[in-house]
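Just below is one structure, and these are the notes that go with it.
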Amino acid sequence: MPELPDVEVFRQYFEATSLHQGIESAQVLNDDVLSNVSARQFQNRVRNHQFDASRRHGKYLFVHLNNDGWLVFHFGMTGYFDYFKGKHKAPKHTRLLFQFANDYQLAYVSQRKLGKVSFVEDPDDFLKDQGLGPDALSESADLTTFSKALESTRSAIKPALMNQGHLAGVGNIYSDEVLFQAKIHPETKANRLGDAEVRRLFHTLKEVLKTAIDGKADPEQMPDSYLLPHRQKGGKCPACGGNLKREKISGRTAYYCPRCQGRDK
DNA sequence: CCTATAGCCTGACGGC
DNA sequence: TGCCGTCAGGCTATAG
């Protein structure tokens, strides 16, 4: 699930539920998801402290602890948070569980364990180490940067948009959505796009991500003109009604409308 | 250097 | 019902 819009919604959820709450304890139900700390270290650093700030960059969520240091959540393909009242059972595949003083708990759930949680002193150092580009919705992800990134690669536009080193936050689903809205074929070579197309793509990208966040990253809440709710086998193009095409592009499943999204490669 | 591909991990779904 | 293959909104290490 988690691309930029999803993670932004997780961040808002985290802020609304888990900020400024005394953490009485934390459980590590599966330490596969911890990347640079042991279960014991994790529990010790969290216990009797509070989360007091959050920040998102691309698909990463940073939460600050009031005793210094940040916890970094990455959600992989199947991660999410669930905040619930103490007595209830934690969801299946809960890997980490925070117990708050108000008798609520926050679960970090990750079915496939492709996500990771770690501790960092400085988020900016972490981002640099990961080689991440600017967050797709930030000011520093401007047209010039975007355009340079696309010129620098010979790959297809879809994987170029998903390259976190160029621009952080766009994944498989939203790259399809952005290309559909911009009416660009996903296999078009990134460095062959004309100036006008690059500009259109850039504005579409920002627009789609913002719209998705406004709709809580919920396909049901997307505008009728969006591909997302139709992105399934047998899906029809919301613009022309034609059959959507499903194809593997650099290892990932792409959906697009062959009629609306030209086929100039 | 670059880009493309297999592998990680677990479960859901469809076909036989 | 059971078994098997395929697929899944991410990233990394490795191969070419």
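In this text the structure is predicted, and so the values were computed from the model without any measurement. Every chain is numbered from 1 and lettered A, B, ... according to where its sequence line falls, protein lines coming before strand lines.
Among the heavy atoms of the strands lying under 4.0 Å from A/Thr253 are primed sugar atoms or P, OP1, OP2 only; no base atom is included. Residue contacts shown for A/Gly171 are limited to sugar-phosphate atoms, with no base heavy atom under 4.0 Å away. No contact: A/Thr78 has no heavy atom under 4.0 Å from any strand. Across all strands shown, A/Gln130 has heavy atoms under 4.0 Å from sugar-phosphate atoms exclusively, and none from any base.
Look at CG on A/Leu4: it is 12 Å from P on C/dG10, rounded to the nearest Å. One atom, NZ of A/Lys233, and another, C1' of B/dG14, lie 9 Å apart when rounded to the nearest Å. Note: CZ (A/Arg252) to C1' (B/dA4) measures 14 Å, nearest angstrom. Rounded to whole Å, atom C1' of B/dA4 lies 15 Å from atom NZ of A/Lys158. Per the geometry, OH belonging to A/Tyr255 stands 7 Å off P belonging to C/dA8, to the nearest Å. What separates NE2 of A/His74 from P of C/dG9 is a distance of 14 Å, to the nearest Å. In this structure, A/Asn163 places its CG atom 11 Å from P of C/dT12, rounding to the nearest Å. Taking atom OH of A/Tyr226 as the reference point, atom P of C/dG9 lies 19 Å away to the nearest angstrom.
Each of A/Lys158, A/Arg252, A/Glu3 was compared with A/Ser175 under the side-chain hydrogen bond (donor to acceptor under 3.5 Å, both in side chains) criterion, and only A/Lys158 meets it.
Of the listed nucleotides (C/dC7, B/dT3, C/dG9), C/dG9 has the atom at the smallest distance from the side chain of A/Glu3. Of the candidate nucleotides C/dC11, C/dG10, C/dC7, C/dG10 has the atom lying nearest to any side-chain atom of A/Asn172. With C/dC11, B/dT3, C/dA8 as the choices, the nucleotide that has an atom nearest any side-chain atom of A/Arg154 turns out to be B/dT3.
Across all strands shown, B/dC9 forms no Watson-Crick or G-U wobble pair with both distances under 3.5 Å. With both pairing distances under 3.5 Å, C/dG9 is matched to nothing as a Watson-Crick or G-U wobble pair.
A cation-pi arrangement is absent between A/Arg56 and A/Phe62 under the rule of less than 6.0 angstrom and at most 45 degrees off the ring axis.
The six-membered or imidazole ring of A/Phe81 lies away from that of A/Tyr13, with a centre-to-centre distance of 6.0 Å or more. A distance of 6.0 Å or more separates the ring centres of A/Phe75 and A/Tyr80.
One P atom belongs to B/dC9, the other to C/dT14, and the distance between them is 15 Å to the nearest Å. Comparing the P positions of C/dT6 and B/dA6 gives a spacing of 13 Å, expressed to the nearest Å.
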For nucleotides 6-10 of chain B, list the nitrogen or oxygen atoms of the protein found under 3.5 Å from its nitrogen or oxygen atoms, one pair per line.
{"residue": "B/dC9", "atom": "O2", "partner": "A/Arg112", "partner atom": "NE", "Å": "2.9"}
{"residue": "B/dC9", "atom": "N3", "partner": "A/Arg112", "partner atom": "NH2", "Å": "3.3"}
{"residue": "B/dT10", "atom": "OP1", "partner": "A/Lys113", "partner atom": "NZ", "Å": "2.8"}
{"residue": "B/dT10", "atom": "O2", "partner": "A/Gln111", "partner atom": "OE1", "Å": "3.0"}

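Surrounding CG of A/Asp195 are at most 12 heavy atoms belonging to other residues, nucleotides or ligands under 6.0 Å away. More than 12 heavy atoms of other residues, nucleotides or ligands lie within 6.0 Å of CG in A/Asp124, so this atom counts as buried by the packing criterion.
Regarding contacts with the backbone of C/dA8, a side-chain N or O of A/Lys248 is found under 4.0 angstrom from either OP1 or OP2. The shortest distance between the side-chain N/O atoms of A/Lys59 and the OP1/OP2 oxygens of C/dC11 is below 4.0 Å.
When every heavy atom of A/Ala190 is checked against every heavy atom of A/Ala160, the shortest pair comes out as CB-CB, 3.9 Å.
By the 4.0 Å N-to-carboxylate-O rule, A/Glu121 lies close enough to A/Arg45 to be salt-bridged with it.
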